[in-house]
Q: 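Below are the structure tokens for one structure; questions will follow.
Side chains included, hydrogens not; waters and symmetry mates left out as well; all remaining heavy atoms used.
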Amino acid sequence: MASSLLLVPLVLVVLVVLGALVAALLVAVRAGRPQLPAAHPGAPAPAHGEPPAAARPEALPLALRRGAVVALLAWLALAAVVPVLWLAAPLLAVLPAAAPPGVALAVAPAAAGLALLAVHAVGELTWPRPAGEVRRAVLVPRGVADVAPAGLRRWTGGLAAATVVVAVVGSLVAADDGRSLERHGATWSAGSGPFPGAPYAVPVAVGALLVLAAVEAVLLLVARRPAVPGTDVPTDLGLRRLSARRVLGGAQLALGLALAGTLAVAGSALRGVAGPVVGPSTAAPALLVAGVAAVLLAAALVVAVLVVAVRAHTGPGAVAAPAPSVPVPGRP
């Protein structure tokens, strides 16, 4: 009964956060929806194979503003998950058959990444569609590879794969309890923890795979969403690439933080178990070096994914406003 009462504040916090995010997203979608008139029935149609011209210069700024709002809400969703899970950690520990302490925080990066991708998915599903008596569409086959930066996509997949590999290795070398690392001699033994054995590594690996699958699903939505009314083909493609870059930038941050956290915990345990137990001869310098290397790699990885995330959202954009037409003297 007491544990159920303790869960009430958590449920309320989760509901309030989710409700606020959904409401903000709906308001932003309505505010950023380009209210553009459809083509007039008497307007001349483009020649065969020619894309419709971007005759509405206000379409691009509206689309860029809408994309920026969705990206901001996605980052707010990512940031909201961490304090919720932080509050959930002590509450979940009192439940029967609860997971080991720290699991909620271990899966926090993946949960935050899924929250970010969920907001992006809603944003992609609510892009405005052409409306009116006459509608135009350019039949251009387009896939994920056409809109997603290849290098950033491979980096994101590599982070997920590395997380799974580290989780498998941690599960294999952990002690019997799955939460520590042990070293034994003829007359001595040494142990250190916490260590990312199966109770921690499996949820982290599953979370990384879920984030990767969600990334590919959202990128597919980006590739197949309706074209922005009032834009030509190159501009619309640029908007899709901007969305894909933002999706990958946030996802790789979540995956990188999950991998960095796992490496840091493993490195700390390796350093703890590497010291001498009953004399200098019982020390393990190789484990000490491996532990220090893992911690340094974790720190470097945090810096790298933060830089990539910032560049994905603030770097040079793939969208440029069409150059205004300048009348040439002597020409009509």
Q: Transitively linked via ILVMFWY side-chain contacts under 4.5 Å: V295 with L301?
A: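 Cluster IDs for V295 and L301 differ.
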Q: Closest approach of V204 and A106, non-hydrogen atoms and distance?
A: CG2-O, 3.6 Å
Q: Is it possible for you to say whether L306 and V211 belong to one hydrophobic cluster, with membership spreading through side-chain heavy-atom contacts below 4.5 Å?
A: yes
Q: Considering all heavy atoms of both residues, which atom of A251 and which atom of L116 are nearest to each other, and what is their separation?
A: N-CD2, 4.3 Å
Q: Taking a hydrophobic cluster as the set of Ile, Leu, Val, Met, Phe, Trp and Tyr residues connected by side-chain heavy atoms closer than 4.5 Å, whether directly or through intermediates, do L210 and L117 fall within one such cluster?
A: yes
Q: Does L212 share a hydrophobic cluster with V119, counting links as ILVMFWY side-chain heavy atoms below 4.5 Å and allowing steps through other members?
A: no
Q: What verdict does the side chain to side chain contact (heavy atoms under 4.5 Å, CB included) test give for L159 and V305, after you've listed the backbone C-alpha separation in whole Å, the side-chain angles of each residue and the deciding distance to 0.1 Å?
A: CA-CA 10 Å; L159 289 174; V305 295; 4.1 Å; yes
Q: Any non-hydrogen side-chain atom of L248 less than 4.5 Å from a side-chain atom of P149?
A: yes
Q: Do you know the tightest heavy-atom contact between G291 and L270?
A: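 In terms of heavy atoms, the two residues are closest at CA-CB, 3.7 Å.
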Q: Using a 3.5 Å distance criterion without hydrogens, assess whether the side chain of D236 forms a donor-acceptor pair with backbone atoms of V228.
A: yes
Q: Got V206 and V107 here, is their nearest side-chain heavy-atom distance under 4.5 Å?
A: no
Q: I'd like to know if the side chain of T126 pairs up with that of R225 as donor and acceptor (distance under 3.5 Å, no hydrogens or angles considered).
A: no
Q: Given side chains that start at C-beta, do those of T163 and L209 come closer than 4.5 Å, heavy atoms only?
A: no
Q: How far apart are the closest heavy atoms of A110 and A208, and which atoms are they?
A: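 That would be CB-N, 4.4 Å.
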Q: Are V215 and L125 co-members of a hydrophobic cluster defined by side-chain heavy atoms under 4.5 Å apart?
A: no
Q: With rounding to the nearest 0.5 Å, note down the distance linking CZ in R240 to CG in D146.
A: 10.0 Å
Q: Rounded to the nearest 0.5 Å, how far does CG of L152 lie from CZ of R311?
A: 10.5 Å
Q: Rounded at 0.5 Å granularity, tell me how far CG in L114 sits from CG in L78.
A: 10.0 Å
Q: Between L263 and A298, what is the shortest heavy-atom contact and its length?
A: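 Heavy-atom minimum between the residues: CB-CB, 4.0 Å.
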Q: State whether the side chain of H313 and the backbone N or O of A309 hold a donor-acceptor pair below 3.5 Å, judged by distance alone.
A: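 Answer holds: yes.
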Q: So how far is it from W75 CH2 to R246 CZ, rounded to the nearest 0.5 Å?
A: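 Spacing of CH2 (W75) from CZ (R246) equals 11.5 Å.
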Q: If you round to the nearest 0.5 Å, how far is CZ of R224 from CG of L219?
A: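 Separation between the atoms: 12.0 Å.
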Q: Is a donor on one side and an acceptor on the other found under 3.5 Å between the side chain of R153 and the backbone of A148?
A: no
Q: May I ask you to test the F195-V265 pair for a side-chain heavy-atom distance under 4.5 Å?
A: no
Q: Please round to the nearest 0.5 Å and tell me the distance separating atom CD of E124 and atom CG of L220.
A: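 If I round to the nearest 0.5 Å, the distance is 10.5 Å.
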Q: Please find the pair of heavy atoms, one from A201 and one from S171, that lie closest to each other, and give the distance.
A: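 Distance-wise, the nearest heavy atoms are CB-OG, 3.7 Å.
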Q: Between Q252 (side chain) and G249 (backbone), is there a donor-acceptor pair under 3.5 Å?
A: yes
Q: Name all residues meeting the ring-ring contact (aromatic ring centres under 6.0 Å, His included) criterion together with W155; count only those two or more places apart in sequence or in a different chain, and write none if there are none.
A: none
Q: Do L253 and V308 pass the side chain to side chain contact (heavy atoms under 4.5 Å, CB included) test, and can you show the C-alpha distance, the side-chain angles, and the key distance before you say yes or no?
A: CA-CA 8 Å; L253 176 64; V308 171; over 6 Å; no
